[in-house]
Amino acid sequence: MIGIVAVVVFLLPWSVMQVGHCTDYAPGQGESYCESGPIIGSLAASVLAVISGLLILYFLVPIVRILIKRIRRPDTGRPRAGGS
């Protein structure tokens with residue numbers, strides 16, 4: 001669980017933070033060029049998003065395995081019917 005929180009807090013923000021800028025070719029003349037994108041670049045943001053997703057899956061697998069074991073395990077807390 002801590003691993004998932006760490007990924008979400010420390011890695012994912014870098015892949016979604018945006019930066020932008022505008023360039024006026026001739027100030028006051030009407031034409032300008034603006035662009036925006038991830039602060040670390042599109043390729044790096046894509047790679048970081050894939051790595052973050054894989055890390056979240058890595059941390060989720062043990063949790064899912066524990067839940068599956070709990071569901072499949074018979075309840076041993078109840079006394080058996082007809083037994084001592």
Side-chain angles (χ1 to χ4, degrees):
M1 184 70 169
I2 293 173
I4 295 171
V5 172
V7 168
V8 170
V9 171
F10 295 109
L11 291 181
L12 280 181
W14 290 105
S15 63
V16 296
M17 278 196 274
Q18 298 284 313
V19 66
H21 67 278
C22 291
T23 304
D24 287 330
Y25 290 111
Q29 299 298 318
E31 287 274 337
S32 63
Y33 173 74
C34 296
E35 68 177 16
S36 67
I39 199 165
I40 59 173
S42 296
L43 180 63
S46 299
V47 169
L48 194 59
V50 169
I51 291 172
S52 298
L54 291 174
L55 283 172
I56 289 173
L57 283 175
Y58 174 78
F59 292 122
L60 276 177
V61 167
I63 294 171
V64 170
R65 285 184 181 165
I66 290 170
L67 291 174
I68 290 172
K69 282 181 183 178
R70 285 186 181 176
I71 291 170
R72 289 185 181 171
R73 182 177 19 168
D75 188 11
T76 57
R78 288 186 263 161
R80 293 183 186 172
S84 53

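Leu57 belongs to no hydrophobic cluster, as no Ile, Leu, Val, Met, Phe, Trp or Tyr side chain comes under 4.5 Å of its own.
Ile56 and Leu67 fall within a single hydrophobic cluster, where Ile, Leu, Val, Met, Phe, Trp and Tyr side chains are chained together by heavy-atom contacts under 4.5 Å.
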Validation: residues 46-54 side-chain donor-acceptor distances under 3.5 Å, sequence neighbours left out:
{"from": "Ser46", "atom 1": "OG", "to": "Ser42", "atom 2": "O", "distance (Å)": "2.9"}
{"from": "Ser52", "atom 1": "OG", "to": "Leu48", "atom 2": "O", "distance (Å)": "2.8"}

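Note that the CD1 atom of Ile63 and the CD1 atom of Ile68 stand 12.0 Å from one another [nearest 0.5 Å].
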